[in-house]
Engineer: 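Structure below; questions to follow.
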2 protein chains.
Amino acid sequence: MHVDTTLERASGVALWRQIEQHLVSDMEAKRLTPGMRLPSESELAERFGVNRHTVRQAIAALEDKGMFLVRQGLGTFVHEHVLDYSVGRRTRFNENLARLQIEGQSELLASAIEAAPTQTARALGIRAGQPVVRILALRSANGRPVSLGTHVFSAKRFPGIAERFAALGSVTRALEAEGVADYVRKHTRIFASMPDAEEALHLRQPRNRPILVTESVNVDRTGVPIEFGIARFAADRVQLVLDPP
Amino acid sequence: MHVDTTLERASGVALWRQIEQHLVSDMEAKRLTPGMRLPSESELAERFGVNRHTVRQAIAALEDKGMFLVRQGLGTFVHEHVLDYSVGRRTRFNENLARLQIEGQSELLASAIEAAPTQTARALGIRAGQPVVRILALRSANGRPVSLGTHVFSAKRFPGIAERFAALGSVTRALEAEGVADYVRKHTRIFASMPDAEEALHLRQPRNRPILVTESVNVDRTGVPIEFGIARFAADRVQLVLDPP
DNA sequence: GGGTATTTGTTCGTATGTATT
DNA sequence: TAATACATACGAACAAATACC
């Protein structure tokens, strides 16, 4: 992994700072990538030809800067990039990522027209059994899956919403095309659970890691519900940040 | 499980409604408790002496009312009581439960004075290494653990906060006693993870079920940070509801 | 469930060079 | 120059957490 592990002794730069710089270089050169486990402290000490304490000091400095994650009994890991996903009155996937200067992608996995189950109907303010359009979409950032979203709309009001979404890759723009200039969140519920096989597959995460789930209702300017959404986030890669409070 | 499974035929009451009533009685009598798996549809059908479709109709009715959770390939489960925990600008544990007409309890598990780690210091707006008071508290509702909370305060500003909390059982009242008339949330971050041994023990939940974690900063009227808090919720028993949106 | 190997966490002690007083 | 404080570096031993069989 390390191309060159020679340190300069008596150079005026502390050995542990040289090791720190080494590790930073490894990350910049992608020899160390997020989630990767570092060699053990003992092994690093041997490679660098220093005492284990000296390696520990370098690692501690980088942990303090949030670049490493050290776990007793397990090892030291390069910190995964966690995405701060902002949740508030105006939650928009693409705007959210744009703010972080990340390009987001939306992929339509499936869509169907079906009869509204009770809970969904209540959220949308329609009668149970009325036809609804259900969209399943995978959201990615930098090629990594971020969330698996289910979006449900009244099929009467938005019969062509699935095609709009497929073409535009955005709920906001699909709704715009259907004449909804703006919408806001009326309700958000957050919980956590373990993913089923399909969710784990789409989110590319192990089944024994949790997912964060949000259920939300968006309403138009007049307060009429237009979308009921369920978003499943890979909890290891995404944190929700509430704004403004 | 079922004490009596005889149904009255040609009684004017549909068989599936009688079965539905049977199941409700079982829940009221605690023969069926939250999280418990029902016998399979076939087995129930045999016990009641009806066709499986008849049992399905009764289960579907109760699922629609949110009392059962039916999962294909797994079985039917009595829905766990989930607590809707409201999160917003003014999040207060006791007020939250009072709104649901539940009496909450707070138990001080531990408190200590220690040097502030970098992240904590940043949240509280003090220098790393400054002394802080750390409180570990278990929150319960109806005798069931709801959340395990860590609260960190500046030891300079609130030297006696741990004793106040121990006596009053509430962060809000402890802060009141220290002269903080009001406080609001400035920041909330939500994520999910798996519990460690201690967390699972306190929350009385298995280690393979996830926990919901919120990190928050509360500020006083002048905007000065006064508390950094971490709350760990048993995800199977608590959902977070954002208010107003 | 118990035992073992691995890995990090912690605490001793010792020594040396550098900057400050 | 001498005394002192501090950062750096090494060595050894044990504790605690975790994974694996």
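Heavy-atom basis, side chains included; hydrogens, waters and symmetry copies ignored. Throughout, protein chains are lettered first and strands after them, A, B, ... in sequence-line order, and every chain is numbered starting at 1.
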Engineer: Does a side-chain heavy-atom distance below 4.5 Å link Trp16(A) with Arg56(A)?
Structural biologist: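 Result no, sub-4.5 Å side-chain heavy-atom pair not found.
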Engineer: Using a cut-off of under 3.5 Å, enumerate the N/O to N/O pairs linking the protein to nucleotides 5-9 of chain D.
Structural biologist:
unit_1	atom_1	unit_2	atom_2	d
dT8(D)	OP1	Trp16(A)	NE1	3.4
dA9(D)	OP1	Leu15(A)	N	2.4
dA9(D)	OP2	Leu15(A)	N	3.1
dA9(D)	OP2	Trp16(A)	N	3.2
dA9(D)	O3'	Arg9(A)	NH2	3.4

Engineer: Dot-bracket for DNA chain D, please, read 5' to 3', with Watson-Crick or G-U wobble pairs under 3.5 Å on both distances, ( ) within the strand, [ ] crossing, | other strand, . unpaired.
Structural biologist: .||||||||||||||||||||
Engineer: According to side-chain hydrogen bond (donor to acceptor under 3.5 Å, both in side chains), who are the partners of Asn96(B), at least two apart in sequence or on a separate chain?
Structural biologist: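 Checked Asn96(B) against side-chain hydrogen bond (donor to acceptor under 3.5 Å, both in side chains); matches are Arg99(B).
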Engineer: Go through the structure and list residues passing side chain to side chain contact (heavy atoms under 4.5 Å, CB included) with Glu43(B), not counting sequence neighbours.
Structural biologist: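 Testing Glu43(B) for side chain to side chain contact (heavy atoms under 4.5 Å, CB included), a comparison that skips the adjacent residues, returns Pro39(B), Ser40(B), Arg47(B).
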Engineer: Would you please name every residue forming a ring-ring contact (aromatic ring centres under 6.0 Å, His included) with Phe153(B), sequence neighbours left out?
Structural biologist: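 In terms of ring-ring contact (aromatic ring centres under 6.0 Å, His included), with neighbours along the sequence ignored, Phe153(B) is linked to no residue.
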Engineer: Can you name the residues that form a ring-ring contact (aromatic ring centres under 6.0 Å, His included) with Phe228(A), not counting sequence neighbours?
Structural biologist: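 Result, ring-ring contact (aromatic ring centres under 6.0 Å, His included) vs Phe228(A): none returned.
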Engineer: Excluding sequence neighbours, so at least two apart, what forms ring-ring contact (aromatic ring centres under 6.0 Å, His included) with Phe165(B)?
Structural biologist: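 Applying ring-ring contact (aromatic ring centres under 6.0 Å, His included) to Phe165(B) gives none.
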Engineer: Under the salt bridge (charged side-chain N to carboxylate O under 4.0 Å, His left out) rule, collect the residues that match up with Arg157(B), sequence neighbours excluded.
Structural biologist: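 By the salt bridge (charged side-chain N to carboxylate O under 4.0 Å, His left out) rule, Arg157(B) matches Asp220(B).
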Engineer: Name all residues meeting the side-chain hydrogen bond (donor to acceptor under 3.5 Å, both in side chains) criterion together with Ser140(B); count only those two or more places apart in sequence or in a different chain, and write none if there are none.
Structural biologist: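 By the side-chain hydrogen bond (donor to acceptor under 3.5 Å, both in side chains) rule, Ser140(B) matches no residue at all.
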Engineer: Checking Glu103(B) now: which residues fulfil side chain to side chain contact (heavy atoms under 4.5 Å, CB included) with it, not counting sequence neighbours?
Structural biologist: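 Result, side chain to side chain contact (heavy atoms under 4.5 Å, CB included) vs Glu103(B): none returned.
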Engineer: Who passes side-chain hydrogen bond (donor to acceptor under 3.5 Å, both in side chains) against Asn51(A), sequence neighbours left out?
Structural biologist: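 Testing Asn51(A) for side-chain hydrogen bond (donor to acceptor under 3.5 Å, both in side chains), a comparison that skips the adjacent residues, returns none.
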Engineer: Base, backbone or nothing for each nucleotide of nucleotides 2-19 of chain C, written B, S, -, heavy atoms under 4.0 angstrom, 5' to 3'?
Structural biologist: -----BBBBB--------
